[in-house]
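Counting starts at 1 for both ligands and their atoms, in listed order.
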Amino acid sequence: MTQVRATTCNRDCPDACRIVATVQDGQVIALAGDPQHPITQGFLCHRTANFLTRQSGTVRLTQPLLRQPDGQFAAIGWEQALDLAAQKLGEIRDSSGGAAILHYHSGGSLGMIGQVIDLFFAHLGPVTVKRGDICSGAGDAAQMADFGVEDSNDVTDLLNSKHILLWGKNPAVSGPHLLPVLKRARQGGTRVTLIDPVFHKTAHLCDSYLQPRPGGDFALAMAVAQGLLAERRDLAAELCDNLEAFSALCQSRSLAQWCTDADVTIEQAIELTRQLLDGPCAILVGWGMGRRVNGSGIVRALDALSAISGNLRVAGGGVSFYFKRRAAFVTDLAGPGPAPRTLSEPCLGQEILDARDPPIRAVWVTAGNPVAMLPQARVVQQALASREFVVVVDNWLSDTAKLAQLVLPTTTLLEADDIVGAYGHGWLGVARPVVEPPAGVRSDLQIIQALAARLGLTEVVAGSARQWQERLLHPQVRAAGVTLADLEAGPVRNPLAPKVLFAEIALQTPTAKVQLLTTLPPPTPKDPEYPLQLLSLSTEKSQSSQWVHPPTGPATVTVHPQAVPGLAEGQLVRVESEIDSLVAILHLDPRQRRDLALLPKGGQLSDGRCANALIRAQLTDAGEGAAYYDQGVRIRPT
Ligand SMILES: Nc1nc2c(c(=O)[nH]1)N[C@H]1C(S)=C(S)[C@@H](COP(=O)(O)OP(=O)(O)OC[C@H]3O[C@@H](n4cnc5c(=O)[nH]c(N)nc54)[C@H](O)[C@@H]3O)O[C@H]1N2
Ligand SMILES: Nc1nc2c(c(=O)[nH]1)N[C@H]1C(S)=C(S)[C@@H](COP(=O)(O)OP(=O)(O)OC[C@H]3O[C@@H](n4cnc5c(=O)[nH]c(N)nc54)[C@H](O)[C@@H]3O)O[C@H]1N2
Ligand SMILES: [Mo]
């Protein structure tokens, strides 16, 4: 018998789509996007449309695995696995304290029930956790500093824009459900401009395209701000603090100098100024741009452009970086106290190695593949491989799972029972299993509850998935008339989400004014030995390290032909950084800048495709992010 069942995608993606699955005899046979969902609009991205390769493919884990004395994994039963985990964690906590256990929780699932896992570890210890945010830390810090609140105008408000600046953003790959909105806006006469050092697919649906130097956006913003201040100074004074210091910063170089620094023409900067003055003009800030040593400074500069041009509080304007995906949910499940210690996420490998009194003895990894995805992959690998007890809860044998003592197989996005918000729009959804997980697979909640039962913490995490969903739906959302049953019936827009952010909500800074930045961020690092900047960016073929088809053979490195004189398309090359190198297939693309080398994000170390093996752990200027994209490399023949 064939049935159609709906769920919400829980991946780390701005779109949080509603998926319609066709199920036959307990197997999912087809996946599609829900045509009724206002954002999903009936289509799925490549990686989710093709998820069945992972759902029932050979990568899928269906039994707990325990490392044996000979170094190999052997399948074991759940009772044995959980007894061992409870015994080891209990023993380490009792003898060395909770600080000796690190719980690393990343973005494999954005379901809100993930908080219950954190709650368990808070009661077990509290234990050591990460601090900082490799994904959006720099931009989050920027928006919090400037506005005291981080949220966006409704996506459909873009239909009110006269101009849209896609600033360092590639929605065609990283969040394709923005594209229908952009297309509709263009049909209504909106002009869309892309500002991105990398030429990519999204450029094809824009009216104009600027290709600044990577990290040159700060200089470009200063050039634009000069023109805006000349026109809108009085308005800026009303809305913003620090106007004098900000103007002095903008005037510290000439227009020509800023443009040279950004590697754009003066005409291009003037055209952007014109668009911001000819509002409403929306700035959509990509997440990628913040992953630089000046990333937070760049986002602050873009915030300033929106504010001083008068676009911040108006329909069709705004400077959107993030939608408050957790706003409809309870996020303060109280543990018994703060973490005894935090480790910086961008530097996690070294921080684990350096931790003392107590050292990190055990690591529990939830929904993350830190070996492949954190900077300095080999150090992360070495740090984890040298711990006494590493447990990875995942549904495939990732680079990180490969070095664990114990691997616990868990559910996929098609088996999730959870509640989800989105960071690219304001709609909420529930994830309901469209099929039962295979025998031998347990959800994160089941795993943590079974562990809690062995460690005397049953009560702390008790409750079915649905009970937790009820508990986690925010009382204010209920007060606004939205229930869990409503979410189960179909997508619901978060009733608390603003349509035009600062027209409805006051700025949350101490003076209720925009805090303009007053200092220059650090310069982009340059090393003449490694002249190409490595950008390892999202690809439609994978979600971080979760590839549709696990790739084999060398990765492809893309560069401008003149960046590698004498080297030919398709030849094998060595991509070298100051810390490591990898072999790749050369692809020449004359549309790219001459100072860039592009690798896909998400390659695994064990496949020889991991960009993070080359990337030194460096912090962003604020927010404790990872400056993934400020790594110099060079390319040599093999
Ligand atoms: N298919 C797919 N989709 C994904 C993901 C994936 O791995 N695969 N990952 C998900 C995750 S984890 C996240 S956080 C989101 C967002 O994922 P991101 O990959 O951060 O996506 P974008 O926000 O589009 O930002 C990337 C863009 O920033 C640009 N950029 C980099 N440096 C600069 C710079 O100095 N200046 C300017 N102007 N631009 C710059 C890059 O060229 C790129 O086009 O997407 C999610 N969606
Ligand atoms: N070089 C480079 N590195 C980057 C980036 C980059 O652009 N370039 N981007 C960075 C960004 S933006 C991010 S957000 C991070 C992402 O880094 P990670 O969050 O580590 O990304 P994934 O590789 O997707 O790992 C998530 C894991 O969770 C598993 N998983 C899926 N569902 C579940 C579940 O329900 N339960 C459990 N327990 N596990 C589950 C998946 O199988 C997967 O192995 O990577 C960062 N790393
Ligand atoms: Mo991310």
For a quick test of your reading: what N or O donor-acceptor pairs under 3.5 Å do the side chains of residues 105-116 make, sequence neighbours left out?
unit_1: His105; atom_1: ND1; unit_2: Asp118; atom_2: OD1; d: 2.8
unit_1: Ser109; atom_1: OG; unit_2: Asn10; atom_2: ND2; d: 3.3
unit_1: Ser109; atom_1: OG; unit_2: Gly111; atom_2: N; d: 3.1
unit_1: Gln115; atom_1: NE2; unit_2: Met112; atom_2: O; d: 3.2
unit_1: Gln115; atom_1: NE2; unit_2: Val330; atom_2: O; d: 3.1

Checklist line | Modelled atom types, side-chain donor and acceptor of Arg11 and Thr48, under 3.5 Å | finding: yes

Next item on the list: Consider only side-chain N and O atoms of Asp589 and Thr558, and report whether a donor and an acceptor are under 3.5 Å apart.
Entry: no

Check: Which atoms of ligand 1 are found less than 4.0 Å from any heavy atom of Gly215?
Finding: 34 (C), 35 (O)

Margin query: Give the atom numbers and elements of ligand 1 that come within less than 4.0 Å of a heavy atom of Pro214.
Written below: 35 (O)

Next item on the list: With Glu345 as reference, evaluate Lys130, Arg131, Glu351, Glu624 under the side-chain contact (heavy atoms from CB on, under 4.5 Å) test and give the passing residue.
Entry: Lys130

All N/O donor-acceptor pairs, side-chain side in residues 371-384, below 3.5 Å, sequence neighbours left out:
unit_1: Gln376; atom_1: OE1; unit_2: Ala617; atom_2: N; d: 2.5
unit_1: Arg378; atom_1: NE; unit_2: Asp580; atom_2: OD2; d: 2.5

Checklist line | Proximity to ligand 1 by part of Lys541, non-hydrogen separation under 4.0 Å | finding: neither

Checklist line | Nearest heavy atoms of Leu343 and Leu348, plus distance in Å | finding: CB-CD1, 4.0 Å

Run the side-chain donor-acceptor check on residues 429-436: report pairs under 3.5 Å with partners two or more places apart or on a different chain.
unit_1: Arg432; atom_1: NH1; unit_2: Asp417; atom_2: OD1; d: 2.6
unit_1: Arg432; atom_1: NH1; unit_2: Gln469; atom_2: OE1; d: 2.9
unit_1: Arg432; atom_1: NH2; unit_2: Gln469; atom_2: OE1; d: 3.0
unit_1: Arg432; atom_1: NH2; unit_2: Glu488; atom_2: OE2; d: 2.2

Check: ligand 1 versus Tyr423, non-hydrogen atoms closer than 4.0 Å: side chain, backbone, both, neither?
Finding: side chain

Checklist line | Set of residues that line ligand 2, where lining means a heavy atom lies under 4.0 Å from it | finding: Asp12, Ser106, Gly107, Gly108, Ser109, Ile134, Cys135, Arg291, Ala367, Gly368, Asn369, Met373, Val393, Asp394, Asn395, Trp396, Thr410, Thr411, Asp444, Ser536, Gln543, Ser544, Ser545, Gln546, Lys601, Asn612, Ile615, Tyr628, Tyr629

